[in-house]
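One structure, pasted below without further comment.
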Amino acid sequence: MKRSQYLLGASLISATMIAAACGNDGEGNNNNNADPANDNNNVNDAADNDDDNAGDDNNADDNNDDNNDDNDMADGDAPQGGSVTYGYTSPFAGVLDWSFYEGVDDSLALQIFNGDGLYSNHSYTDFETEPNLAHNWEWSDDNLTVTFELEEGVMWHNGEELTAEDFEFAYEVIADPDYQGMRGVNVDRIEGYDEYRAGDADSIEGVEIEDDYTFSVTFQDAYANNLEQLWGYPMPKEHLEHLEVAEMEDSSEIREEPVGLGAFEVTSVTPGEVVEFEAFEDYWKGAPNLDEVEYRIIDGSQAGEFLAQGEVDIIELEPTQAGPLEDNEDVTLEEIEALSFSYLGFKLGEWDGEENVMNNPKFESQELRHAIAHAIDREGIIEEFNEGYGQVVNAPESSIRWSYPDESDLNQYEYDLERSQELLEEAGYEDVTGDGFVEDPDGEEFTINIAAMDSPADIAEPRAQYIIQTMQEAGLNAQLMDGQLYDFNLFYDLVEEDDPDIDMFMGAWGLATADPDPSGLWRSDSPSNYPRWVSEESDELIAEGISEEALDQDYRQEVYQEWHQLVNEELPMIPLNSPENIYGINNDVGGVEVNVRDAITNPEDWYTEED
């Protein structure tokens, strides 16, 4: 076994505010701020950001010269041909378009065949923006208009050339009155968005095409992160313009025969199981080394075995699965601190189609929410189920971003059953019947239904029961919703639809951009605000954090510190941990770079040395 670590330290925490959101490397491939994440190692097998562990690189240095991230191989020297299988452990939804997809399950496939955006960013460059589909962009003097110059000769897989109209088309689809996806927050700042969304305009006023390779976007206000927030993925207009927006997401053009502009094109989709790709020889950065790539869903409990047997070549692993592979000479293990966090959310209300409404009285008591937090053994979760990989966090944020708050100003919510019981009593929750569980202040039975995912397969059930057990020891009658776990897509369907049986839910967010604007997850009018938390003060701070004054990053960090303290006190969710991802890579496969979201940086560089 070869082992290497990509641990992001102080340089990342001090990254500049210009952190791209629409790149081609999985670290910035979607500027919706976050993806609902599979609650497995990419979120819950968490990072250890302590200085001691960050420096305890026992096994890394010996093997860095010949690990799978072999980017010093001269151009043209990489072996040609062959195939690579990228594995994942939850069925994908099959929404193979950036404007409509919702989860990491589909984003992995998208990265392989359509990963290029306007610009790119990488963790190893502190998320600085770098040219990609746009080779240049310039701002107007008033910081309201940005003009992009596109690369010429970029070809879609259907033989059409990428033009500025494909970006305009994407913005118009997302702004369309019939669009029900999550990306509205990425175009709603454009001048004329409101009129187009209302059906009162035939085009978006702020989007202007100068020629095939030049277009400009004018924003309503000069916000600090307009560039980072702007949607960065084009849509193939020729392929999709005949469809009504309302029918696009379920169309065969997106689910069965999607068109991208990446190094590989889709040849076959077996829903929820396999996507097959072949090399696209006209890829604008040059033909890929491999002939084929396969994205395959496997049994998560056997991920390590499948990797060892060569059934998959690249896959994210649980710490418990990585351990047995440490002596395997055919496998490299690579670790990286992730841009994500896991949490336990409260259902405080519902989405009414336009905004969140906080109308659930069950958890309106802040003392009750604090009491529940003290009943969760977050350190124990890391030790028992994540092999010690993990850092408890007290903010809904990744600990590797510059915006992560000063923990000394946050409530720590240490695991303390006595404190939990004190708070329950103060809030009026007492055990009236003597059955060991508290009743509510009206003396009525008080139960907490917790919705949880069924992955990772080997620890999902015992981890959920561990949480339930400590809550019960505090006197809270917690139980698994319907006595079962749910697969990834069903879980998020239930959460998004505000299933009335959900009281709390174990979720995770894979943050898709290094820009810390929480608008997409926490604004009162955001459908991705799954706890349905509504706070005027929160909305004001979120707006202030992207104001023109927030072009000063020190000021912006002060605003986000205040916002995190508000969330930490009101506690619409209980943050659990900030993770570290572990990837297993077949040693016959080279050119693979892991990043903070996945291991699909530049798949055109992948190669295999198999005979």
Within 45° of the ring axis of Tyr179 and under 6.0 Å from its six-membered ring centre, is that where the NZ or CZ of Arg197 lies?
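Cation-pi check for Arg197 and Tyr179: fails.
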
Closest contact, heavy atoms only, Gly584 versus Leu307
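Heavy-atom minimum between the residues: CA-CD2, 3.5 Å.
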
Side chain to side chain, Gln229 and Asp517, heavy atoms closer than 4.5 Å
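SC-SC contact between Gln229 and Asp517 confirmed.
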
How far apart are the C-alpha atoms of Val217 and Tyr171, what are their side-chain angles, what is the distance that settles it, and do they pass the side-chain contact (heavy atoms from CB on, under 4.5 Å) test?
CA-CA 10 Å; Val217 177; Tyr171 301 149; 4.1 Å; yes

Over all heavy atoms of both residues, which pair between Tyr233 and Phe167 is shortest? Give the atoms and the distance, please.
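Residues Tyr233 and Phe167, closest heavy atoms: C-CE2, 4.1 Å.
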
When you measure from the side chain of Asp458 to the backbone N and O of Ser301, does any donor-acceptor pair fall under 3.5 Å?
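Between the backbone of Ser301 and the side chain of Asp458 there is no qualifying donor-acceptor contact (under 3.5 Å).
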
Do the non-hydrogen side-chain atoms of Val84 and Pro603 ever get within less than 4.5 Å of each other?
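No, side chains not in contact.
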
Stepwise side-chain contact (heavy atoms from CB on, under 4.5 Å) check, Met506 with Arg463:
CA-CA 11 Å; Met506 289 181 63; Arg463 183 180 59 193; 3.9 Å; yes

Drop me the distance from Leu325's CG to Glu305's CD, to the nearest 0.5 angstrom.
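Leu325 CG to Glu305 CD: 8.0 Å, rounded to 0.5 Å.
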
Does Asp105 use its side chain to pair, donor to acceptor, with the backbone of Ala93 at less than 3.5 Å?
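Judged by distance alone, yes, a pair lies under 3.5 Å.
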
If you round to the nearest 0.5 Å, how far is CG of Leu521 from CG of Asn529?
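Going from CG on Asn529 over to CG on Leu521, the span is 8.0 Å.
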
Parallel, tilted or perpendicular, judged at 30° and 60°: which one describes the rings of Trp509 and Tyr492?
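Plane angle between 30° and 60°, so tilted.
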
Backbone N/O of Val259 and side chain of His157: donor-acceptor pair under 3.5 Å:
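No.
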
As an exercise, state the distance from CD of Glu256 to OG1 of Thr270, rounded to the nearest 0.5 Å.
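So the gap between those two atoms works out to 11.0 Å.
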
Hey, is the main chain of Thr608 close enough, under 3.5 Å, to the side chain of Trp606 for a donor-acceptor pair?
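No; judged by distance alone, with no hydrogens or angles, the pair does not exist.
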
Heavy-atom closest pair, residues Asn586 and Asp588
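It is OD1-N, 2.8 Å.
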
Search all heavy atoms of Phe169 against all heavy atoms of Lys237 and return the closest pair with its distance.
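What the structure gives for the nearest pair is CD2-CA, 3.7 Å.
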
Heavy-atom closest contact (Trp98 atom, Tyr101 atom, distance)
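The answer is O-CD2, 3.2 Å.
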
Return the set of residues passing side-chain contact (heavy atoms from CB on, under 4.5 Å) with Pro396 (not counting sequence neighbours), or none when no residue passes.
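Expected list: Phe341, Trp522, Trp563, His564, Val567, Met573, Pro575.
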
Applying side-chain contact (heavy atoms from CB on, under 4.5 Å), run through Glu249 and Ile254 and close with a yes or a no.
CA-CA 7 Å; Glu249 181 175 341; Ile254 284 179; 5.7 Å; no

How would you list, by chain and number, every residue that makes a side-chain contact (heavy atoms from CB on, under 4.5 Å) with Glu387, sequence neighbours excluded?
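Residues passing side-chain contact (heavy atoms from CB on, under 4.5 Å) with Glu387: Pro319, Thr320, Tyr389.
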
Ignoring hydrogens and geometry, is there a side-chain-to-backbone donor-acceptor pair from Asp498 to Trp351 under 3.5 Å?
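Checked: pair present.
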
Looking only at side chains, do Glu149 and Tyr213 share a donor and an acceptor under 3.5 Å apart?
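No.
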
Hey, does the side chain of Asn489 reach the backbone of Pro91 with a donor-acceptor pair shorter than 3.5 angstrom?
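Yes, because the side chain of Asn489 sits within donor-acceptor range (under 3.5 Å) of the backbone of Pro91.
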
Per the side chain to side chain contact (heavy atoms under 4.5 Å, CB included) rule, which among Asp106, Val269, Leu110 passes with Val275?
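Testing Val275 for a side chain to side chain contact (heavy atoms under 4.5 Å, CB included) against Asp106, Val269, Leu110 leaves exactly one candidate, Val269.
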
Could you walk me through whether Tyr530 and Glu496 pass the side-chain hydrogen bond (donor to acceptor under 3.5 Å, both in side chains) check?
CA-CA 7 Å; Tyr530 292 155; Glu496 290 172 4; 2.9 Å; yes

Does the side chain of Phe505 come within less than 4.5 Å of Leu494's, by heavy atoms?
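Result no, sub-4.5 Å side-chain heavy-atom pair not found.
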
Minimum heavy-atom separation for Glu397 to Leu511, with atom names?
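In this case the closest contact between Glu397 and Leu511 is OE1-CD1, 3.5 Å.
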
Closer than 3.5 angstrom, by distance alone: can the side chain of Asn581 be matched with the main-chain N or O of Arg597 as a donor-acceptor pair?
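Flag not set: sc Asn581 to bb Arg597 has no pair under 3.5 Å.
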
Drop me the distance from Asp493's CG to Asp499's CG, to the nearest 0.5 angstrom.
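Separation between the atoms: 10.5 Å.
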
Glu329 and Asn587: CA distance, side-chain angles, deciding distance, side-chain contact (heavy atoms from CB on, under 4.5 Å) verdict
CA-CA 8 Å; Glu329 296 181 354; Asn587 278 343; 5.6 Å; no

Validation row: Arg255, Val95 side chains within 4.5 angstrom (heavy atoms):
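Side chain of Arg255 against side chain of Val95, heavy atoms only: contact under 4.5 Å found.
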
Once rounded to the nearest 0.5 Å, what's the spacing between atom CG of Asn577 and atom OG of Ser340?
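If we round to the nearest 0.5 Å, Asn577:CG and Ser340:OG are 8.5 Å apart.
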
Contacts of Tyr295 that satisfy ring pair (Phe, Tyr, Trp, His ring centres under 6.0 Å) - sequence neighbours left out
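For Tyr295 the ring pair (Phe, Tyr, Trp, His ring centres under 6.0 Å) partners, ignoring immediate neighbours, are Phe92.
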
My understanding is that only residues two or more places apart in sequence, or in another chain, count here; which of them pass side-chain contact (heavy atoms from CB on, under 4.5 Å) with Glu294?
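With neighbours one apart ignored, the set is Thr85, Val274, Glu276, Arg296.
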
So do Met248 and Met235 actually touch side chain to side chain, heavy atoms under 4.5 Å?
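Counting from C-beta outward, Met235 and Met248 do come under 4.5 Å.
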
Side-chain (Arg183) to main-chain (Phe100) donor-acceptor, under 3.5 angstrom:
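No; judged by distance alone, with no hydrogens or angles, the pair does not exist.
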
I'd like to know if the side chain of Tyr283 pairs up with that of Asp116 as donor and acceptor (distance under 3.5 Å, no hydrogens or angles considered).
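The criterion, which ignores hydrogens and geometry beyond distance, is satisfied for Asp116 and Tyr283.
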
Counting N and O atoms only, with roles assigned by atom type, does the side chain of Gln321 sit under 3.5 Å from a partner on the main chain of Gly300, one being a donor and the other an acceptor?
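Checked: pair present.
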
Kindly state each residue pair satisfying side chain to side chain donor-acceptor pair (under 3.5 Å) with at least one member in residues 239-248, sequence neighbours excluded.
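Found His242-Glu253.
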
Non-hydrogen side-chain atoms of Asp97 and Leu240 separated by less than 4.5 Å
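Yes. Closest side-chain heavy atoms under 4.5 Å.
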
Determine whether a donor-acceptor pair (N or O, by modelled atom type, separation under 3.5 Å) exists between the side chain of Tyr86 and the backbone of Ala599.
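Checking the backbone N and O of Ala599 against the side chain of Tyr86, a donor-acceptor pair under 3.5 Å is found.
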
Counting C-beta onward and ignoring hydrogens, is there a side-chain heavy-atom pair between Leu118 and Leu150 closer than 4.5 Å?
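The answer is yes; the side chains approach within 4.5 Å.
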
With side chains defined as the heavy atoms from C-beta onward, is the minimum distance between Phe385 and Pro456 less than 4.5 Å?
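Side chain of Phe385 against side chain of Pro456, heavy atoms only: no contact under 4.5 Å found.
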
Output the distance between atom CG (Leu317) and atom CD1 (Ile585), rounded to the nearest 0.5 Å.
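So the CG of Leu317 and the CD1 of Ile585 are separated by 9.5 Å.
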
Just jot down the ring pair (Phe, Tyr, Trp, His ring centres under 6.0 Å) partners of Phe277, sequence neighbours excluded, or say none.
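So Phe277 forms no ring pair (Phe, Tyr, Trp, His ring centres under 6.0 Å) with any residue.
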
Is the gap between the ring centers of Phe148 and Phe215 under 6.0 Å?
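Centroid distance Phe148-Phe215: below 6.0 Å, so yes.
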
